[in-house]
Amino acid sequence: MQNCQELAAGLYYLGGNDRRLALFESAYPVPRGVSYNAYLLKDEKTVLFDTVDIAVGDFFFDNLACALGEDKLDYVVVQHMEPDHSATFARLLERYPDVTVIASQKAAVMLKNYFGYTGKAYLVKEGDTLSIGKRTLTFIGAPMVHWPEVLFTYVPEEGFLFSADAFGTFGALAGNVIAEKDVFAAEYLDDARRYYFNIVGKYGVQVQSVLKKAAGLKISMVCPLHGPIWKDDFAWYLEKYLIWSAYKPEEKCVAVFYASVYGHTQNAAEILASAIGAEGVRVKVFDVSVTHPSELLSEAFRCSHAVFASTTYNNGIFVNMENFLNDLKAHNYQNRAYAIVENGSWAPQAGSLMDGILAGLKNMRRIGEKTTVLSAVNASSREALVTLGKQIAEDVKA
Ligand code: FEO
């Protein structure tokens, strides 16, 4: 049965929630579920913005039929071809065979590759416009936010911005589809940050580019493909995107990441964290073998400072720490201060190897020398860890 909501005169929310999905993109845990959003704008012509993931297809088609009423569907704008938004495209064409498909050139190629679709598509590019009656669709190219074919659509008469994956978040919607800043900060922000850095974080330059294009627009409502819709509080969320996409730290704080086999490197990490905390600096500690890599990545980007502490393993970095560092590198981790702690019982060398990865990233600054623990923390290494902790805290407060 339909559950569509009218967001504004003639604009309908048609999406649905999946609270059973274990891993989004087969990679990211979504314990709070995820929403797949789609929208219908009714004017002299009717326009659908994207379809949905197969998991919520039945709800979506009920919602679409309800929102259309007696009207026919004139256009579907394919803003993003990733299957969480396009999987039900073929079903849409079966139900609405006369609909005109609007897509970028790159999306048209993907429609053929995914669905064998060779029908006529109305190809649009940056700056193209299409009148649908009293309103106009203006298309904004948003390549690599998050795939190369992505389009945003802006409706200047109303200030509606359909933003594809941008400004989306993990987390199902629960009746309140319009974002409220305080609720979002408490219930969605950590997921939004994790979504951003893991899904589109690699493409900060491209995100900045499209944010510049959007900066001059008068926006009354932002309609993303996941998560709540933004109205009055959008400036607050936009500010987060400006910080995230510029790879700037969101908070002056320290994230201590450790990889420990028998607990001795953990002990070193916690001594260090206590020394930082004793100076009144915010610090969090993560076992990289326990916390999901998507959360580690998100926390690394949130904080201004990081400590990487690893035991030496197979003559190298412990595997979960090495994977994490490579993940940071793949997501363009940069502009941070960091410190290194290593452990080793006969030939410690994780520190030099970790430093080799981190020092190769853009604008990274190491604090202090690497601190070495030989098997277990002793009085000497404890003193070195406390000294390093104070040094890090001073740097955070500077
Ligand atoms: Fe929500 Fe890039 O798809």
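One-based numbering along the sequence shown. For ligands, and for the atoms within them, numbers begin at 1 and follow the listed sequence. No hydrogens, no waters, no symmetry mates; every other heavy atom, side chains included, goes into these values.
Counting only protein N, O or S atoms, 4 lie closer than 2.8 Å to atom 2 (Fe) of ligand 1.
For Tyr28 and Tyr195, the ring centers are positioned 6.0 Å apart or more. Taking the six-membered ring wherever Trp is involved, the centroid distance between the rings of Phe89 and Tyr117 falls below 6.0 Å.
Residue Lys397 places its NZ atom among more than 12 non-hydrogen atoms of other residues, nucleotides or ligands, all under 6.0 Å distant.
Among Phe257, Phe286, Tyr333, the single residue meeting the ring pair (Phe, Tyr, Trp, His ring centres under 6.0 Å) criterion with Phe324 is Phe257.
The side-chain heavy atoms of Leu211 and Tyr241, taken from C-beta on, include a pair separated by under 4.5 Å.
Both tests do not hold together for Arg91 against Phe61: distance to the six-membered ring centre under 6.0 Å, angle to the ring axis within 45°.
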